[in-house]
Structure formats: structure tokens, C-alpha cells
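Read the structure below first, then the notes.
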There are 2 protein chains.
Amino acid sequence: MSEHKIRNMEEFAALSGLSRPTVSKYFNDPSSVRPTTRQRIEEALERYDFRPNIFAINQNRSLTKNVGIVVPYLADPFFAEIARIIELRCIAAGFSPILYSSHGDRTLENEILEGLTALKPAGVFLAPLGRLSDRSAIERFCRDVPTVLFDSNIEGMGEAFVGSDNFSFVQQTVEYLCRTGSPPCFFEMRTPANPNANKRRNAYLRIMEEAGLEPHVIKVEGEGWGFEEIGRQGAHDVIASGGLKTETILCSNDRLAIGFLAACYERGLRVGRGEGCALRVASHDDHPFSRFTCPALTTAAHEYEAVADRCMETLFSLIESGGRFAQRDETLIPARLILRASA
Amino acid sequence: MSEHKIRNMEEFAALSGLSRPTVSKYFNDPSSVRPTTRQRIEEALERYDFRPNIFAINQNRSLTKNVGIVVPYLADPFFAEIARIIELRCIAAGFSPILYSSHGDRTLENEILEGLTALKPAGVFLAPLGRLSDRSAIERFCRDVPTVLFDSNIEGMGEAFVGSDNFSFVQQTVEYLCRTGSPPCFFEMRTPANPNANKRRNAYLRIMEEAGLEPHVIKVEGEGWGFEEIGRQGAHDVIASGGLKTETILCSNDRLAIGFLAACYERGLRVGRGEGCALRVASHDDHPFSRFTCPALTTAAHEYEAVADRCMETLFSLIESGGRFAQRDETLIPARLILRASA
DNA sequence: CAAAAATCTTTACGCGCGTTAAGGTCTTGC
DNA sequence: GCAAGACCTTAACGCGCGTAAAGATTTTTG
């Protein structure tokens with residue numbers, strides 16, 4: 001690297017002994033110039049450390065190499081983990097991922113989408129807030145930007161959806177629980193933020209019905225993203241009031257289960273499938289921490305990698321199709337049951 | 001909102017019945033135009049839904065309203081949480097935060113910094129990887145971009161550092177543990193990624209020495225960002241081999257402690273300060289999940305909000321000072337001891 | 001070795017907006 | 001009602017790069 005800073009491509013081209021259009025061509029596709037030319041540019045690049053001005057590059061372009069990733073709440077380790085994998089995949093594919101969290105806020109989600117539109121991204125992965133989302137705003141956004149929804153489906157929006165097969169999640173846990181002990185009740189929030197929760201409850205009801213078993217759904221109060229605390233408080237309430245009709249509890253998601261287990265511990269209730277255990281608790285998601293709860297949580301796992309890979313595949317073919325699919329593409333990825341000590 | 005899409009400010013200005021420079025003036029500072037003019041623009045804005053082209057805006061600017069936030073590993077809830085708060089503060093202050101995770105990778109951290117430089121941000125909050133960071137790359141970055149380091153200090157880099165007072169963290173936990181029972185040993189990773197870990201161990205050694213107590217440091221093996229598993233495995237090893245010389249364990253951070261507690265549970269060791277408890281475990285950070293461990297974790301909490309607020313204050317004054325401080329500014333925020341059931 | 005093909009250089013325009021300068025128009029205060 | 005000042009319009013340039021066209025140069029091909 002040498003002394004003074006290079007101001008623009010003109011200057012850099014001169015220093016490489018080439019013309020600006022050639023250098024410009026190189027930056028858009030290094031293989032589009034003669035190998036010797038390419039080498040000259042790359043040598044100069046070593047010496048002078050020049051990068052084309054991003055704003056100027058994109059100014060006159062209808063599409064960029066930007067890819068937006070929007071999740072509803074990044075401080076939820078589930079979303080952090082899935083976003084992490086998608087982000088790495090984007091980088092590997094030569095895109096510039098830009099990560100946003102709606103922080104559980106409808107207004108913020110709208111603002112993110114507006115700002116994202118302005119960035120002219122090649123595509124966007126959007127995990128919407130769900131119940132709180134402004135459907136018309138999302139619809140408008142999807143008209144302007146090639147969008148792949150993930151995690152949380154909103155019927156008809158975006159060109160594709162990649163998510164988990166909630167029925168498969170619940171089927172596996174319920175089947176396992178029934179096979180190894182008493183049938184479970186279903187523990188969830190009364191007003192879940194996310195359509196997955198509704199799908200899971202409905203799956204539970206249907207599976208129990210088909211098995212000729214009586215379903216029990218326990219709905220606990222609470223708003224916001226503090227699921228663990230909602231689960232903990234709800235567990236205390238339902239246990240104290242004798243509302244627990246079964247000794248097996250299937251939580252809608254791991255974060256609620258983490259709270260449930262905390263409450264059990266606080267009450268001295270032993271959870272697990274062994275001798276002397278009062279309750280069995282299972283759940284869904286394979287939250288990054290579910291391995292470390294006490295006891296470790298039996299759960300139906302998302303195939304994080306598979307979801308991320310499928311997201312990328314979908315976006316690639318979407319981009320190749322010019323940003324539109326003839327028909328909305330839906331992928332549901334089944335769960336993988338993970339047996340641990342809690343049930 | 002009306003029919004056809006507006007292409008540029010010229011067109012929008014015409015539709016508002018004003019000239020482009022006036023409209024441009026408005027977008028840079030709405031209060032810089034006459035109230036009646038402002039009203040006309042805002043009415044047109046309602047009707048036509050126009051946003052100036054971001055790339056064009058920034059193209060000819062040396063500074064933008066962008067603020068970078070870089071953390072070493074976003075899937076760590078601690079960083080997700082601090083990033084969340086800082087991001088919200090930035091938005092409230094009218095900036096456009098852009099969030100990056102280095103994903104624990106040195107190369108990626110470098111690339112993020114390079115890309116960030118190109119975005120000409122008004123400022124950057126950088127929590128570096130620590131031991132893995134490329135110091136020369138960070139140094140170069142800090143020369144180009146007004147940077148506030150946080151969480152993890154690297155001497156002399158950036159214009160300021162905002163972080164936690166590790167000595168205060170350890171002092172409070174050690175003091176509490178000694179006062180209420182036997183003195184703790186210190187449980188940590190052999191090769192911590194982060195300078196905070198070293199500061200905490202040194203604080204532990206010094207505090208024990210000053211109290212005339214014999215220190216015990218337990219170092220466990222393990223690489224990467226899976227701290228819980230490292231803590232769990234390390235706990236199993238040290239307990240099985242009889243390496244635990246004290247009944248009180250102070251973990252370097254909550255994630256290790258979460259693993260430690262999981263191991264204790266798996267071994268049937270009761271943790272807590274009551275009757276029949278074999279061990280006491282305390283830790284540092286007040287990780288978002290430490291409330292839900294079994295038992296709930298006694299820990300020294302970061303003042304998340306205070307750290308975020310101080311970060312913002314520092315960046316504001318840094319921007320006002322034209323991006324440079326006469327002297328590097330260091331803020332260390334003390335811990336808040338949180339007593340829960342584990343110790 | 002000459003012709004064809006590939007690649008480069010030169011020249012020039014456009015993108016959308018920031019910004020400046022000169023001059024016109026509207027407000028304000030007396 | 002009039003001057004001063006605030007605000008607006010018009011005109012024009014520049015930012016850094018994409019890109020197109022025409023001509024010059026190099027490389028490949030037969």
C-alpha cells in the first residue's frame with residue numbers, strides 16, 4: 001500500500017495504466033477483461049487499496065448486490081441463529097447482506113421495509129412480525145422488491161415462503177410423548193404474535209382428535225417478547241391453581257418451555273422421564289439454549305441449515321426469474337425430533 | 001397515494017409546485033423552509049410517497065447519517081441485547097443504524113470494516129473480536145472513521161471506549177460470596193477470546209490476595225463461541241477429577257455458568273445457598289437467560305441501558321468534535337449485583 | 001502473414017441530488 | 001406603504017461511476 005489516497009476510479013485507472021471503462025468493466029466482472037489486464041489491475045489494487053464508491057456504483061443501477069434480511073426480534077436467539085446462517089450464506093454467494101430487526105414493533109417494521117426499498121436490493125428475506133404486521137405495507141413492499149418470506153407465513157405475500165412444517169413438529173412430539181407415557185396438554189400464549197403458534201395448536205388438536213384422545217390447551221396471559229417470563233409466570237399460575245390436568249406438557253415453543261422449566265425448578269417439581277419425576281415437558285424449535293436447560297429439553301428441531309439453504313436457493317431462482325415467480329413457491333421443512341432428558 | 005411512481009426530486013418538486021433546490025433544502029432540514037412551504041411539501045409527500053434516492057444523496061457527501069454497529073457474535077444474546085438497545089437509540093436520534101456481526105471470524109471482521117468505511121458513516125460502534133482481531137486493520141479503520149469501541153477495549157484504538165468496569169464486577173461478586181460463605185474459585189476458559197476475561201481473572205487474583213485468601217483458578221479447554229458447552233464439559237471434567245477445591249464457584253461469564261449449572265444438574269448436584277446444596281455458583285454479565293437457569297443465577301449485571309446511553313453520548317460529542325477527540329475517552333460502568341438463587 | 005476477432009482507449013452522456021450564485025418575490029416591521 | 005430581510009426560482013456545475021459508440025490496438029485464427 002502506498003502513500004496518498006485515491007479519490008476515484010479515474011485516478012486508479014491512470015495509476016494502473018489503463019482506462020476507466022476497462023477498470024469499471026473489471027469491477028463488474030473480473031473475468032470480463034483479458035488475464036494480463038486483470039493482473040495489472042489486481043497488482044495495482046494491492047499497492048493502492050482502492051474501492052469504487054458504493055453510492056456512485058448503485059446510483060445508476062436498478063438492482064444492487066444488496067440482500068436484506070429482516071427478522072422480528074433479533075435478541076431472540078432463534079432468530080439470531082437463523083439470521084446468522086443466512087447471512088453467512090449470502091456472503092458466500094457474493095451478496096452484501098444487510099440485517100434488520102423490527103424489534104417487535106410494527107412501525108419499525110414498516111420503516112425498515114421503506115428504507116430497504118430505497119436500497120434497491122436484489123432480494124429480501126423477510127420474517128414478518130406476524131399478527132402485528134401491517135399487511136398492506138408488506139404487500140406494497142413485496143410488489144416493489146423480490147421477497148422471500150421465512151419463518152412466519154403470510155398467505156399470498158412475497159414470491160415464496162420457506163419455513164417449518166408445524167404439523168410435522170407437533171406430530172413428532174405428540175407421537176413420541178404418547179408412545180412413551182401419558183398424552184400431553186398443550187401450553188401456549190393466549191395471543192401469540194406468530195401464525196406458527198396457531199398452526200401448532202391446531203395440529204395438536206387435530207392429532208389428538210385423530211388419536212381419539214382428549215386435548216387440553218392451556219393458554220397463559222402475557223404480551224411482548226419476554227416469552228420465558230411469560231412461560232414461567234404462566235406455569236406458576238397453572239400449577240398453583242391445579243389447572244394442570246396431565247403430567248405431560250407440550251409447550252408451543254422452547255422459550256415458553258424454558259420458563260416452564262424454571263417454574264418447575266422453583267417449585268421443586270422434578271421434570272423428566274425417570275423415576276421420581278412429577279412432570280414431562282417437551283417443546284418445539286430447538287432453541288440454541290434448549291440443550292442447557294435443567295433438565296435438557298426434548299424438542300422438535302428446526303433444520304436451521306436446511307431452512308437457510310432453501311432460502312438461498314429460492315432467492316437465487318427468484319433473481320434468475322427476474323424477481324417474479326409464475327406461482328408462489330412454498331417450502332415446508334419437517335422437524336427433527338431431539339430426545340433429551342425433559343421428556 | 002396516487003397513480004404513477006415518481007422518479008426523482010425534480011418531478012416531485014414540480015408536483016408540489018416548488019423548485020428542486022427548495023425541496024432539497026427541506027429534506028436536509030425541514031425547518032429550514034417557510035412553514036407554508038413545508039406544509040405544501042408534506043401534503044405532496046402524503047399524496048405521492050416520494051423518497052429521495054439514498055445513493056444519490058450520499059454520493060456527493062463526505063459524511064452520511066449512517067451509523068455502524070459491529071459486534072463479534074450476534075447469536076450471543078448478550079451482544080444481541082446490547083446491539084438492540086444501541087440500535088433503538090440510534091433510530092431515536094435520527095440515524096440509520098447498520099448492524100454487523102463478525103461471526104467470530106477475523107477475516108469477516110476485516111471485510112465488515114472495509115465495507116463500512118465505504119459507507120462513510122457518521123460514526124461506528126465497534127465491539128471487536130478481541131484476541132482474534134487484526135489490530136492493524138482496526139487501527140486503519142479507526143483512522144478513517146470516527147469510532148467508539150465498546151465491550152472489549154483495545155488500548156489506544158478508536159476515539160473512545162465504553163465498557164464495563166470488570167474490576168467492579170468481580171469485586172462485587174467476590175465480596176458477596178465471601179461474606180455469605182466460603183471464598184470462590186474462578187472458573188474460566190483457558191484461552192478467552194476477549195480481554196474482559198483476562199481483566200476479570202486478574203481482578204479476582206488481586207481481590208483474593210488483598211483479602212489474604214488463596215485464589216484458585218480453574219481453566220477449561222475449548223475454542224469458539226459455544227461457551228455453554230465448554231462450561232458444561234469443563235464442569236463435568238473438573239468435578240469428576242476432583243479438581244474443585246471449593247464449594248463456591250465464580251464463573252467468568254454467565255454463558256460458562258449456564259453450562260456449569262447444566263453439568264451440576266446432570267450430576268445431581270444441588271446448587272444454591274440453602275440447606276442441602278452442594279455448590280454455590282455465581283457469575284458475571286446478567287445474560288438475558290440467567291434469570292431462567294436452574295437455579296436462577298446470581299450475577300453481576302451490565303447496565304445495558306447505561307452502556308448504550310453512554311455510547312450514544314460519546315458518539316454525539318465525537319461527531320460534534322468533527323470525529324476526533326483531543327484525548328481518548330474511556331468510560332467504565334460499574335456492575336450491579338443481582339442476587340438470585342444460585343449463590 | 002493477413003484478416004478476423006477480441007479487447008482496449010477515447011469521448012461523451014446520464015443518473016439523482018447537493019450546492020452555489022444571481023436575481024425575483026413574498027413577509028415583516030416600522 | 002416602503003425598505004429590509006427572508007425566502008424562493010432559475011441556471012448551472014460537480015460527485016463517481018455505468019455505459020454506449022467509434023476508433024485504435026492487440027491477439028487469435030486460418
Side-chain angles (χ1 to χ4, degrees), chain A residues 4-45 48-66 96 114-115 117-120 122 144, chain B residues 4-45 48-66 96 114-115 117-120 122 144:
Chain A
H4 98 300
K5 197 108 194 199
I6 289 167
R7 348 175 101 260
N8 56 34
M9 196 181 279
E10 191 77 56
E11 204 170 314
F12 175 74
L15 286 168
S16 344
L18 293 163
S19 70
R20 186 173 68 76
T22 303
V23 173
S24 170
K25 211 153 168 295
Y26 165 84
F27 278 109
N28 281 309
D29 176 9
S31 71
S32 69
V33 300
R34 203 182 294 157
T36 57
T37 309
R38 176 172 181 171
Q39 196 182 335
R40 278 168 73 184
I41 295 178
E42 282 167 355
E43 276 167 11
L45 228 36
Y48 298 108
D49 167 52
F50 162 76
R51 305 196 66 174
N53 181 304
I54 296 195
F55 301 108
I57 290 176
N58 290 320
Q59 143 123 30
N60 208 4
R61 247 190 174 57
S62 55
L63 271 198
T64 68
K65 285 292 241 177
N66 297 330
S96 300
E114 276 199 36
T117 311
L119 287 181
K120 304 184 219 166
D144 291 344
Chain B
H4 99 300
K5 197 107 194 199
I6 289 167
R7 347 174 103 262
N8 55 36
M9 196 181 281
E10 192 78 56
E11 205 171 312
F12 174 74
L15 285 168
S16 340
L18 293 164
S19 70
R20 188 174 65 78
T22 302
V23 173
S24 170
K25 212 154 167 293
Y26 165 85
F27 277 109
N28 281 309
D29 176 7
S31 69
S32 70
V33 299
R34 201 181 296 156
T36 57
T37 309
R38 176 171 181 172
Q39 197 182 336
R40 278 167 75 183
I41 296 178
E42 283 167 355
E43 276 167 11
L45 229 36
Y48 299 107
D49 167 51
F50 161 77
R51 304 195 66 174
N53 181 304
I54 296 197
F55 302 107
I57 289 177
N58 289 320
Q59 142 122 15
N60 207 3
R61 251 191 172 52
S62 54
L63 270 197
T64 68
K65 286 293 240 176
N66 296 330
S96 299
E114 276 199 37
T117 310
L119 288 180
K120 305 183 215 166
D144 290 344

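In this text the structure is predicted, and so the values were computed from the model without any measurement. Just the heavy atoms: all of them, side chains too, but no hydrogens, waters or symmetry mates, feed the values below. Protein chains get the first letters and strands the later ones, always in sequence-line order, with residue 1 at the start of each.
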| query | Which pair of heavy atoms, one from A:K120 and one from A:R61, lies closest together, and at what distance? | reply | NZ-O, 2.9 Å

| note | Protein heavy-atom contacts under 4.0 Å, written 5' to 3' over nucleotides 20-30 of chain C as B (base), S (sugar-phosphate only) or - (none), form the string ------S----

| request: Return the value, rounded to whole Å, for the distance between atom NZ of B:K25 and atom P of C:dT19. | output: 11 Å

| task | Check the distance between C:dG18's P and B:F55's CZ and give it to me in whole angstrom. | result | 15 Å

Let me have the donor-acceptor pairs involving side chains of residues 52-59 of chain A, under 3.5 Å, with sequence neighbours excluded, atom names and distances please.
unit_1	atom_1	unit_2	atom_2	d
A:N53	OD1	A:F55	N	2.7
A:N53	OD1	A:A56	N	2.9
A:N58	ND2	A:I54	O	3.3

| task | Send over the distance from A:Q39 CD to C:dC8 P, rounded to a whole Å. | result | 13 Å

| message | Can you measure B:Y26 atom OH to D:dC7 atom P for me and round it to whole angstrom units? | response | 16 Å

| task | Send over the distance from B:N58 CG to C:dT19 P, rounded to a whole Å. | result | 11 Å

| said: Is any side-chain heavy atom of B:T22 closer than 4.5 Å to one of B:V33? | reply: yes

| task | Check whether any side-chain N or O of A:S16 sits under 3.5 Å from a backbone N or O of A:L18 as a donor-acceptor pair, and report yes or no. | result | no

| task | Check whether any side-chain heavy atom of B:F50 sits under 4.5 Å from a side-chain heavy atom of B:E11, and report yes or no. | result | no

| Between B:R40 and B:G17, is there a donor-acceptor pair closer than 3.5 Å when you use the side chain of the first and the backbone of the second? | yes

| Can you find a pair of side-chain heavy atoms, one from B:T37 and one from B:K25, that are under 4.5 Å apart? | no

| message | Would you compute the distance between atom CZ of B:F12 and atom CZ of B:R51 and round it to the nearest 0.5 angstrom? | response | 12.5 Å

| message | What's the closest nucleotide to the side chain of B:T37 if the choices are D:dC8, C:dG18, C:dT9? | response | D:dC8

| Nearest-0.5 Å distance, OG1 of residue A:T36 to CD1 of residue A:I41 | 9.5 Å

| query | Rounding to a whole Å, what distance do you find between B:F27:CZ and C:dT19:C1'? | reply | 17 Å

| task | Look at A:S24 and D:dG18 and indicate whether a side-chain polar atom (N or O) is within less than 4.0 Å of OP1 or OP2. | result | yes

| task | Could you check how far CD of B:E10 sits from P of D:dA11, rounded to whole Å? | result | 11 Å

Are any protein N/O atoms closer than 3.5 Å to N/O atoms in nucleotides 13-16 of chain D? If there are, list each pair with its distance.
unit_1	atom_1	unit_2	atom_2	d
D:dG14	N2	B:N60	ND2	3.2
D:dC15	O4'	B:N60	OD1	3.1
D:dC15	O2	B:Q59	NE2	3.4
D:dG16	O4'	B:Q59	NE2	3.3
D:dG16	N3	B:Q59	NE2	3.2

